[in-house]
Amino acid sequence: MELLLLIGLQGSGKSTFYRTRFASSHAYVSKDLLRNNRHPARRQLQQVEDALRQGQLVVVDNTNASRAERSELIELGKRLGARVIGYYFEVDLARCRARNAQREGLRRVPEVAIFATLKRLERPDYSEGFDELFFVRNNDQEGFDVSPWQSTLSGEG
Ligand SMILES: Nc1ncnc2c1ncn2[C@@H]1O[C@H](COP(=O)(O)OP(=O)(O)OP(=O)(O)O)[C@@H](O)[C@H]1O
Ligand SMILES: [Mg+2]
């Protein structure tokens, strides 16, 4: 069993990453699909629990920006015996804004939302309970470069 958390700004490429790497193997959970739910966070936890109990591999595709947002998911995954893995997307504000600007209609988010996420964003850490962390660079050429985690990384921003 496996629970993957994607962590990154709007426009960083999380959903694209899911579609290209995990769509055929992992169940998809996202609060984006629960906009009309009265308790999206609770519902999302329930969906993750159901999928893991069925033995599915699961990806949670939200910004998952703060430790607080991640903690219940991590705790749930560990309680059910899943390996909890985080994919942290490089903070590249200019590219996130550019990709977002190219999106159509409702898929485009207000720019202030990106800045608000940046403000909340806390880089993940093994102390949160992750079994494994990866660093993801979106190369914009239909591809993603995934590298091993380094707790101190320079040149981001
Ligand atoms: N590697 C890539 N090559 C080309 N285009 C990309 C790549 N990654 C993302 N894009 C494009 O950039 C836009 C944003 O990507 P995506 O929707 O995956 O971001 P996201 O992190 O899921 O954002 P959100 O948090 O708002 O859901 C999309 O229009 C997508 O098609
Ligand atoms: Mg997305």
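Keep in mind it's a predicted model, so treat the numbers as computed, not measured. Counting starts at 1 for both ligands and their atoms, in listed order. Just the heavy atoms: all of them, side chains too, but no hydrogens, waters or symmetry mates, feed the values below.
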Item to complete: Determine, stepwise, if the pair F135 / Y87 fulfils ring pair (Phe, Tyr, Trp, His ring centres under 6.0 Å).
Response: CA-CA 6 Å; F135 187 79; Y87 287 87; over 10 Å; no
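- For atom 9 (C) of ligand 1, the nearest protein heavy atom is under 4.0 Å away.
- Using a non-hydrogen distance threshold of 4.0 Å, L9 registers as a contact of ligand 1.
- Residue G13 has at least one N or O atom closer than 3.5 Å to an N or O atom of ligand 1.
- Here is the list of ligand 1 atoms found below 4.0 Å of a heavy atom in G143: 1 (N).
- Annotation for ligand 1: atoms under 4.0 Å from non-hydrogen atoms of Q10 are 23 (O), 24 (P), 25 (O), 26 (O).
- Below 3.5 Å of separation, one finds an N or O of N138 facing an N or O of ligand 1.
- The ligand atoms of ligand 1 that sit less than 4.0 angstrom from a heavy atom of S15 are 18 (O), 20 (P), 22 (O), 27 (O).
- Listed by first then second residue, pairs satisfying side-chain hydrogen bond (donor to acceptor under 3.5 Å, both in side chains) with a partner in residues 72-83 read K78-D131, R83-E132, not counting sequence neighbours.
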Table please: side-chain donor-acceptor pairs of residues 30-39 below 3.5 Å, with sequence neighbours left out.
{"residue": "S30", "atom": "OG", "partner": "D32", "partner atom": "N", "Å": "3.0"}
{"residue": "S30", "atom": "OG", "partner": "D61", "partner atom": "O", "Å": "2.8"}
{"residue": "N37", "atom": "OD1", "partner": "H39", "partner atom": "N", "Å": "2.8"}

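- With T20, D140, D145 as candidates, the residue nearest to atom 4 (C) of ligand 1 on a non-hydrogen basis is D140.
- Contact annotation for K14 and ligand 1: heavy atoms of both the backbone and the side chain come within less than 4.0 Å of the ligand.
- For the Mg ion (ligand 2), the neighbouring protein N/O/S atoms at less than 2.8 Å, given as residue and atom, are S15 OG.
- For ligand 1, none of its N or O atoms has an N or O atom of D61 under 3.5 Å away.
- When every heavy atom of F130 is checked against every heavy atom of I85, the shortest pair comes out as CD2-C, 4.0 Å.
- Inclusion of R103 in the set of residues having an N or O under 3.5 Å from an N or O of ligand 1 is warranted.
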Between side-chain atoms of residues 1-14 and protein atoms elsewhere (two or more places apart, or another chain), which donor-acceptor pairs fall under 3.5 Å?
{"residue": "E2", "atom": "OE1", "partner": "H26", "partner atom": "NE2", "Å": "2.9"}
{"residue": "Q10", "atom": "OE1", "partner": "T117", "partner atom": "OG1", "Å": "3.1"}
{"residue": "Q10", "atom": "NE2", "partner": "A113", "partner atom": "O", "Å": "3.4"}
{"residue": "Q10", "atom": "NE2", "partner": "T117", "partner atom": "OG1", "Å": "2.9"}
{"residue": "S12", "atom": "OG", "partner": "L9", "partner atom": "O", "Å": "2.6"}
{"residue": "K14", "atom": "NZ", "partner": "G8", "partner atom": "O", "Å": "3.0"}
{"residue": "K14", "atom": "NZ", "partner": "L9", "partner atom": "O", "Å": "2.9"}

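- Comparing R108, E142, R19, R99 by heavy-atom distance to atom 12 (O) of ligand 1, the nearest is R99.
- Contact between Q102 and ligand 1 is absent, with no heavy atom of the residue lying under 4.0 Å from the ligand.
- Within 6.0 Å of the CZ atom in R103, the count of heavy atoms belonging to other residues, nucleotides or ligands exceeds 12.
- Here F89 has no heavy atoms under 4.0 Å from ligand 1, in either its backbone or its side chain.
- Geometrically, ligand 1 and G11 share a nitrogen or oxygen pair separated by less than 3.5 Å.
- Side-chain contact between Y18 and Y28: present, with at least one pair of heavy atoms (C-beta onward) separated by less than 4.5 Å.
- Every N/O-N/O distance between N139 and ligand 1 stays at or above 3.5 Å.
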